[in-house]
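Down below is the structure, laid out as structure tokens.
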Amino acid sequence: MFRPPINRAMRTLDRAFFRRTFPISAARVTNNNDISMVRKALEKSQDILVQPRYQAVWSDPAQPGKRLVLLKPEIKHNDPSTWGPQVTEFQDANITTLVPHDVTLDYDYWTYDDIMKSILPEENQEDLYPKRFTQVGHILHLNLRESHQPYKQLIADVLFDKTKNIKTIISKIDNVGEESQFRTFAYEVLKGPDDLNVEVHEEGCTFCFDFAKVYWNSRLQAEHKRLVSTFKEGDAVCDVMAGIGPFAVPAGKKKVFVRANDLNPESYKYMVDAIKKNHVGPWVAPHNENGHKFIRTATAELYAHPRQHSQLIAHKYKPGEKKPANPPKPEEKRYTEPKIFSHYVMNLPASAIEFLPAFIGLYSRHPFKKLLKGAAPETLFSPHTPFKLPMIHVYCFERKGGDVVAEQSADVCKRISEQLDYVITPDTPDVSIYDVRDVAPNKRMFCASFRLPAEVAFRPQRPRSQEGTFEVD
């Protein structure tokens, strides 16, 4: 009864078409003081109208000041045989009077899913419109398949109406990375102005950027939070493919020292802006270099020139705690950046694994070897010092198939092992393969976290190419 009207020939959205009126019955409450009691009793007896996004108590249009409790369609005001015991009891006691009532639903009531199902061809309907989309600031971003194309304007019009805070709808028209090496993509505007300058908020941080020029994925918010939660205050983190800083800036908020890099000049520009906007300049240092090179240069630069930062820490008063007339002055707390990175983040899932050879001989060859002045690099780490070898967090894509935990984790480890020339398995200590999310029907994104093996970190190496691949001497 409460389904939207159907017009499978509609190709231009007609919002007025979706207005429908349904005759039902309602219980007029004699005494307004009884409204709550009547409603609860009719809910318990399951006589009340239960309809998503539609309230069950309304003002009485026939008697101003009175209230109506709407009843389920099976109950007829003029047919006592349809009344249940609770409705009959209220009628007999003159607590309520059953009356006819019209329910009017229009375009604003129906959901995006309701509308699309009522206007698209009935066959293979699930393939004719997208169920998932991404909102980035005021932009709604669609990945339309070939089967969606004939209906893309209808899809955009309905989504524009049904999604809050949207000004522009775009559709990606090529795969990420096809337009450039910076994970950007070509797009068409389906609705609204061609304005892709957005402001987004994540983990208490503000980011402003041109969505057409940098990579941003709002679906990774939970992953950003998960990984940053593993960083400890005072840690040193190397973010090799930092984008505009979704890992680096929230980490800086946690008083984590981050050296953050991205090859895309636009990403670097917006990362610098985010560092300034979020007041994390003492914690996050931006760079614009090749990732292969940055892994080595940042490691050496950190060891040679660790940063320091002083911060005034004011006493925090508990709720109800009285503030003294002469409160103590804020204490100065000094932070010194560790000389060794605790974590390396490599969020470039299409190719980050190919950057792993840069870690071969990380502490045993130039430029780091020069800083040691003949000392053995092993003495920088446990058991000689409190430092453990760093954790590497490398993101990658894997095709779906079989047991995700067993087969795909093993395949990720195999790919890592080939790049490091060292065997790592899911059972290796300090190795975890985290299933991040679905990317496509047959593709998933993973984060492989592992501790850099000593056999890799201290292996003598010589460069084989400027692109950052290495071979054993």
Side-chain angles (χ1 to χ4, degrees), residues 4 6-15 17-18 107-108 110-198 200 209-223 243 264 266 348-350 397-400 436-445:
I6 293 174
N7 181 357
R8 304 202 185 283
M10 186 180 294
R11 291 299 174 264
T12 300
L13 183 60
D14 180 4
R15 295 170 181 82
F17 172 79
F18 294 94
Y107 175 80
D108 291 338
W110 310 112
T111 66
Y112 163 69
D113 204 51
D114 292 333
I115 298 293
M116 299 313 299
K117 286 182 177 179
S118 71
I119 60 180
L120 293 180
E122 197 166 8
E123 292 185 4
N124 302 319
Q125 199 168 72
E126 292 301 307
D127 296 328
L128 300 182
Y129 69 102
K131 313 302 185 298
R132 299 174 63 186
F133 33 84
T134 302
Q135 186 170 346
V136 182
H138 67 267
I139 300 168
L140 192 145
H141 173 211
L142 298 172
N143 291 328
L144 296 181
R145 301 198 298 266
E146 185 176 350
S147 59
H148 302 154
Q149 294 300 322
Y151 316 104
K152 65 182 180 181
Q153 197 55 56
L154 277 173
I155 292 167
D157 288 342
V158 177
L159 280 175
F160 192 84
D161 294 337
K162 300 298 179 178
T163 310
K164 293 182 180 179
N165 304 318
I166 286 297
K167 295 181 181 178
T168 299
I169 298 180
I170 64 171
S171 173
K172 185 176 69 175
I173 57 177
D174 66 7
N175 291 324
V176 171
E178 285 188 1
E179 187 185 49
S180 79
Q181 61 180 317
F182 299 136
R183 292 190 286 178
T184 58
F185 54 86
Y187 65 93
E188 65 174 325
V189 176
L190 299 178
K191 191 81 173 178
D194 188 0
D195 175 15
L196 271 59
N197 288 290
V198 299
V200 300
F209 54 92
D210 185 339
F211 187 53
K213 296 180 179 179
V214 303
Y215 179 81
W216 178 272
N217 192 330
S218 297
R219 292 176 181 169
L220 292 175
Q221 181 171 354
E223 176 59 14
N264 183 351
E266 293 291 331
L348 189 66
F397 294 133
E398 276 292 317
R399 291 188 63 82
K400 289 183 183 178
V436 177
R437 72 181 189 97
D438 267 336
V439 176
N442 294 310
K443 185 164 69 171
R444 292 196 64 79
M445 178 178 175

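These numbers come from a predicted model, not from an experiment.
- The two atoms that bring G192 and T168 nearest to each other are C-OG1, 4.2 Å, heavy atoms only.
- The minimum heavy-atom distance linking L120 with Q125 is given by the pair O-NE2, 3.2 Å.
- The heavy-atom pair separating N124 from L128 by the smallest distance is O-CG, 3.3 Å.
- Put simply, the side chain of F209 reaches to within 4.5 Å of the side chain of V198, judged on heavy atoms.
- Across every non-hydrogen atom of Y107 and L13, the tightest pair is OH-CD2, 3.5 Å.
- Results of the ring pair (Phe, Tyr, Trp, His ring centres under 6.0 Å) test with H141 over F133, F185, Y187 single out F185 as the only residue that passes.
- For E126 against K131, the heavy-atom pair with the smallest separation is O-NZ, 2.6 Å.
- Contact check for W110 versus S118: no side-chain heavy atoms found under the 4.5 Å cut-off.
- Annotation for Y215 and N217: closest pair OH-ND2, 3.4 Å, computed over non-hydrogen atoms.
- Under a cutoff of 6.0 Å and an axis angle of 45°, K162 and Y112 do not form a cation-pi pair.
- From Y129, atom OH reaches atom CG of L144 across 14.0 Å, with rounding to the nearest 0.5 Å.
- Annotation: the span from I139 atom CD1 to K167 atom NZ amounts to 11.0 Å, rounded to 0.5 Å.
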